[in-house]
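Accompanying notes for the structure given below.
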Amino acid sequence: MRETEKIFIIQPILGDNWRVLHDEAVALIESAGGAYCGSAYQNIKEVNPATFIGSGKLAEINETLEGLDGITVLFNGELSPSQTLNISSALGDRKVIDRTTLILDIFALNAVTSEGKIQVELAQLKYIYPRLKGKGAALSRLGGGIGSRGPGESKLETDRRYIRYRIKYLEKRLAEMSTRRTLHSERRTKEEAKIIALVGYTNTGKSTLMNALTGAGVLEKNALFATLDPTARRLEVDGAEYILIDTVGFIQQLPHDIVEAFKSTLESAVNCDLALFVADASGDYAMQFETTLSTLSSLGFDKPYIKVLNKCDTVENPDELPSDCILISAKKGLGLERLKSAISSSFADRYTKLKLYVGYKDIGEYYSVSNALRENMREYTDRGLEIECTVENRYLSKIKKFIKKSDGN
Ligand SMILES: Nc1nc2c(ncn2[C@@H]2O[C@H](COP(=O)(O)OP(=O)(O)OP(=O)(O)O)[C@@H](O)[C@H]2O)c(=O)[nH]1
Ligand SMILES: [Mg+2]
């Protein structure tokens, strides 16, 4: 087995959440199979275009690391190719990776299905491609280990033309897979089971909750991005059937190329009927909810959601947690009944059962709006159709004309 790679963090102090970003970087290093071995921090007022942080600070870090071989430096932010090169040179040609490269590396390690692998390779190649311009040396300096793993590993150093060709090829394969899935989900819509999506920050317990609710047996692990491939299971709540899906988690500054590559996977979450936003009650849950909402919104998400605070067993004063959240412990099985009633009432508040009357002359018009409702019963009478149906409230105005008055007309 390869010796565990030791990683030293350079943390720029920019904005007020640098501490959380730093602690996340330590967890990211562990999730990538590396060992955290220390940090240097610098207050940044203005980004130095050549080296991001100041050159004096870099000289100081170089001294600290002097004589320590085999230590990789993680710059906890996104670097341009020339910044990576310059920092590496200032540190005696040490291997330097940035936060994006590290996250891509973890994704590469954890991708299981062929779709997941393609998505990761695509994200990696898209990140690397513009970085191969001019002096492409930043890459070859990676020299194996963390930051250079993944499905495209052996090809990273080949030329831009090959990468361009490969990106096109992978995009085409992903599109084919996505079409197949759309067909699948159309069939599912016909079955009418509503889709509930577990979404949220990484490592907050989405998969543990999936297991607690459905006995799915999916991987739960104290690591970032343990889940990459979505799983779907049936879930029964108060006699109603739903499909619960567990999918990839989010993090602050999730690389754009990853969101883009995982768009097709995330589509199932974006198009759900209800989302459960899961956050860690013992962590910075406000930031976690905000990151989840903004990442999903960038993909067009506009569905109702319930905020769920998990890991409540680890909090001393759960009473102090925000009251608009459902408090649970997926691991201990606490609060699950409360969550189920919140799910039921979210749906109950959103749907109305109605009787409709459609005169035969209006049938064309009825069909043009009928996809907004679910027919439970239909009867043909002398003058038209009598229909019992369930309608999502936001579509009520579309079918107003057909709603049967209580006097029978
Ligand atoms: N104390 C405590 N730990 C929990 C609870 N729920 C989950 N965990 C732990 O949190 C860690 C992450 O759980 P997962 O279910 O894998 O989290 P996830 O959100 O699916 O994470 P990713 O798939 O990596 O994004 C595991 O070590 C779980 O055992 C809980 O209610 N209480
Ligand atoms: Mg998971």
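Indexing begins at 1, ligand by ligand and atom by atom, following the structure's order.
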Should Lys168 and Glu171 count as an ion pair when the cut-off is N to O under 4.0 Å? no
Which ligand 1 atoms, with their elements, are less than 4.0 angstrom from a heavy-atom of Ala223? 24 (O)
Heteroatom proximity flag, Ile328 to ligand 1, N/O under 3.5 Å: no
Consider only side-chain N and O atoms of Thr265 and Gln119, and report whether a donor and an acceptor are under 3.5 Å apart. yes
Pairs meeting criterion salt bridge (Lys or Arg N to Asp or Glu O under 4.0 Å) with involvement of residues 279-301, two or more places apart: Asp280-Lys311
Mark up the atoms of ligand 1 that fall under 4.0 Å of a heavy atom belonging to Asn203, in ascending order. 11 (C), 12 (C), 17 (O), 18 (P), 19 (O), 21 (O), 22 (P), 24 (O), 25 (O)
Counting only nitrogen or oxygen atoms and a 3.5 angstrom limit, does Gly205 reach ligand 1? yes
Mode of Thr208 contact toward ligand 1 - side chain, backbone, both, neither (heavy atoms, under 4.0 Å): both
Relative to Tyr169, does Arg166 satisfy both conditions: NZ or CZ under 6.0 angstrom from the six-membered ring centre, and within 45 degrees of the ring's axis? no
Show me, pair by pair, the donor-acceptor contacts under 3.5 angstrom made by side chains of residues 23-44, not counting sequence neighbours?
| unit_1 | atom_1 | unit_2 | atom_2 | d |
| --- | --- | --- | --- | --- |
| Glu24 | OE1 | Arg99 | NH2 | 2.9 |
| Glu24 | OE1 | Tyr201 | OH | 3.4 |
| Glu24 | OE2 | Tyr201 | OH | 2.4 |
| Glu24 | OE2 | Gln252 | NE2 | 3.3 |
| Ser31 | OG | Ala27 | O | 2.9 |
| Ser31 | OG | Leu224 | N | 2.8 |
| Tyr36 | OH | Ser39 | OG | 2.4 |
| Ser39 | OG | His22 | NE2 | 2.6 |
| Tyr41 | OH | His22 | NE2 | 3.4 |
| Gln42 | OE1 | Gly54 | N | 2.9 |

May I have the list of side-chain donor-acceptor pairs in residues 330-343 shorter than 3.5 Å, sequence neighbours left out?
| unit_1 | atom_1 | unit_2 | atom_2 | d |
| --- | --- | --- | --- | --- |
| Arg338 | NH2 | Leu327 | O | 2.8 |
| Ser341 | OG | Glu337 | O | 2.9 |

Which ligand 1 atoms, with their elements, are less than 4.0 angstrom from a heavy-atom of Ser329? 30 (C), 31 (O), 32 (N)
Once you round to the nearest 0.5 Å, how far does CG of Leu244 lie from CD of Glu236? 13.5 Å
With 2.8 Å as the threshold, which protein atoms of type N, O or S lie near the Mg ion (ligand 2)? Leave waters out. Ser207 OG, Thr227 OG1
